[in-house]
There are 2 protein chains.
Amino acid sequence: MERKTKQREAVLQVLLTENRPLSPPEILDVAQALVPRLGIATVYRAIKEFLESGDVVSVDLPGEGQRFEIMGKRHHHHFLCRLCRKLYEVNGCPGTLDALPPPEGFLVEIHEILLKGICVSCA
Amino acid sequence: MERKTKQREAVLQVLLTENRPLSPPEILDVAQALVPRLGIATVYRAIKEFLESGDVVSVDLPGEGQRFEIMGKRHHHHFLCRLCRKLYEVNGCPGTLDALPPPEGFLVEIHEILLKGICVSCA
DNA sequence: TAATAACTGATAATCTGATATCAATAGCCG
DNA sequence: CGGCTATTGATATCAGATTATCAGTTATTA
């Protein structure tokens, strides 16, 4: 990434304003309001560059494609709506998960919690 | 599923003896000890039938393909080793996850917790 | 503004996981 | 056992998600 283009700015802007993890097609949809002729390939290219630069991180979900969110948020988890498939942020964390002891000798480095249900706009 | 075949028995047997969620290729690997000429298509067919009959359930993981485990276990979560990518069962559950309140108006139906780290055989 | 090279958009190609095809095999029944 | 037909294995095909290609466009610098 050497030049500043409206396409890349749009991708980053969309991730900032939506403030939740977005899939590449979701990014495309929203960003086309800013750059009408934006193509999916450019979205993928921009994501790749932002991942390398560390401005964006990927969020993996069970049975869903990769989504991407702005780097630098504090530890948080996610809520997936089973109707609209939108992913939301959930602040807070139960902490050490002592209630969930792994088998003897296993080293837990990371925990991921995903809440599933129905979001407020689908309720 | 109308006939009893050694291929289908082998798939179910592997899931029972391994006692952790397995991917189709993992099932194939292990089951070929029981049925040497077993093919991947048959593994997929057997899984599909066991899913329909309810003998097997699928386990989705972030960024990983589907895995399958024997139905009827009690509520539990999983541990994924980041080195060998094997998935293990973790008994217990923190319960209601009150420490993780979703946004106002959101209805939580399911929670999934995935622990990641290093398993005992990779440590 | 002109030159240059990075960037873009449209689409083809690729990759991976899962399914369909089809001839050969093998349960199950009489 | 013999015949019927579900099942199998090898492989082709498909579906989707991501990446490569390449001609045209545009940001940058002098």
Side-chain angles (χ1 to χ4, degrees), chain A residues 1-15 20-53 55-69 80 82 84-87, chain B residues 1-15 20-53 55-69 78 80 84-87:
Chain A
M1 187 189 333
E2 309 194 357
R3 292 179 185 176
K4 179 193 229 182
T5 68
K6 57 176 82 75
Q7 287 86 349
R8 284 197 275 241
E9 284 188 332
V11 168
L12 205 53
Q13 191 56 45
V14 164
L15 288 171
R20 60 188 185 83
L22 299 174
S23 66
E26 280 178 322
I27 294 171
L28 180 66
D29 276 350
V30 182
Q32 280 182 332
L34 306 173
V35 181
R37 303 185 54 69
L38 184 64
I40 189 67
T42 298
V43 172
Y44 277 106
R45 282 188 285 241
I47 290 169
K48 193 174 196 179
E49 287 156 359
F50 290 136
L51 284 174
E52 284 165 6
S53 70
D55 293 316
V56 163
V57 295
S58 88
V59 175
D60 291 328
L61 292 181
E64 299 268 318
Q66 269 191 314
R67 308 199 186 191
F68 303 91
E69 68 182 359
L80 178 67
R82 72 169 160 85
C84 67
R85 299 266 113 190
K86 269 194 188 175
L87 188 67
Chain B
M1 189 188 326
E2 309 192 357
R3 291 179 187 175
K4 180 192 223 180
T5 68
K6 58 175 79 76
Q7 287 86 349
R8 284 197 277 243
E9 285 190 331
V11 168
L12 205 54
Q13 191 56 46
V14 165
L15 287 170
R20 59 187 187 82
L22 298 174
S23 66
E26 279 178 322
I27 295 170
L28 180 66
D29 277 351
V30 182
Q32 281 183 334
L34 306 174
V35 181
R37 303 188 52 68
L38 184 64
I40 188 67
T42 298
V43 172
Y44 277 106
R45 283 188 284 242
I47 290 169
K48 193 174 196 178
E49 286 156 0
F50 290 136
L51 283 174
E52 284 164 7
S53 70
D55 294 316
V56 163
V57 295
S58 89
V59 176
D60 291 329
L61 290 181
E64 300 267 318
Q66 270 191 314
R67 309 200 184 188
F68 303 90
E69 67 182 0
H78 295 107
L80 178 67
C84 66
R85 300 264 114 191
K86 270 194 188 175
L87 189 67

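As the structure is a prediction and not an experimental result, all values here were calculated from the model. All chains are named by letter (A, B, ...) in the order of the sequence lines, taking the proteins before the strands, and each is independently numbered beginning at 1.
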Notebook entry, point to check: Looking at residues at least two apart in the chain, or sitting in another chain, which of them share a side chain to side chain contact (heavy atoms under 4.5 Å, CB included) with A/Gln32?
Noted result: A/Leu28, A/Leu38

Note to self: Checking B/Ala10 now: which residues fulfil side chain to side chain contact (heavy atoms under 4.5 Å, CB included) with it, not counting sequence neighbours?
What the structure shows: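 With neighbours one apart ignored, the set is B/Ala31, B/Leu34, B/Val35.
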
Notebook entry, point to check: With sequence neighbours left out, what residues match B/Thr5 under side-chain hydrogen bond (donor to acceptor under 3.5 Å, both in side chains)?
Noted result: none

Length of the line joining [X]:[atom1] and [N]:[atom2], which is rounded to integer Å:
| X | N | atom1 | atom2 | answer |
| --- | --- | --- | --- | --- |
| A/Leu38 | D/dT26 | CG | C1' | 15 Å |
| B/Ile27 | C/dG17 | CD1 | P | 14 Å |
| A/Glu9 | D/dT26 | CD | P | 15 Å |
| A/Glu49 | C/dA6 | CD | P | 13 Å |
| A/Leu28 | C/dT11 | CG | C1' | 15 Å |

Check: Hey, is the side chain of B/Arg37 poking within less than 4.0 Å of OP1 or OP2 on D/dA10, counting only N and O atoms?
Finding: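 Yes.
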
Check: Which heavy atom of A/Ile47 sits nearest a heavy atom of A/Pro24, and at what distance?
Finding: CD1-CG, 3.9 Å

Next item on the list: Enter the inter-axis angle for the ends of the helix from C/dT1-D/dA30 to C/dG30-D/dC1 (five pairs per end, rounded to 10°).
Entry: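 One end axis against the other gives 40°.
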
Notebook entry, point to check: Does A/Arg8 use its side chain to pair, donor to acceptor, with the backbone of A/Arg45 at less than 3.5 Å?
Noted result: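 Not a single qualifying donor-acceptor pair exists.
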
Notebook entry, point to check: Atom CD in B/Gln7, atom CZ in B/Arg37: separation rounded to 0.5 Å?
Noted result: 11.0 Å

Notebook entry, point to check: Could you state the interatomic distance from CD1 (A/Ile27) to CG (A/Leu15), rounded to the nearest 0.5 Å?
Noted result: 4.5 Å

Could you tabulate the donor-acceptor pairs under 3.5 Å formed by side-chain atoms of residues 56-68 of chain A, not counting sequence neighbours?
from    : atom 1 : to      : atom 2 : distance (Å)
A/Ser58 : OG     : A/Gln66 : NE2    : 3.3
A/Glu64 : OE1    : A/Arg67 : NH2    : 2.4
A/Glu64 : OE2    : A/Arg85 : NH1    : 2.3
A/Arg67 : NH1    : A/Arg85 : O      : 3.0
A/Arg67 : NH2    : A/Arg85 : O      : 3.1

Next item on the list: Do nucleotides 18-30 of chain C as a string where each nucleotide becomes B, S or -: B if the base has a protein heavy atom under 4.0 Å, S if just the sugar-phosphate does, - if no protein is that close.
Entry: SBBB----BBS--

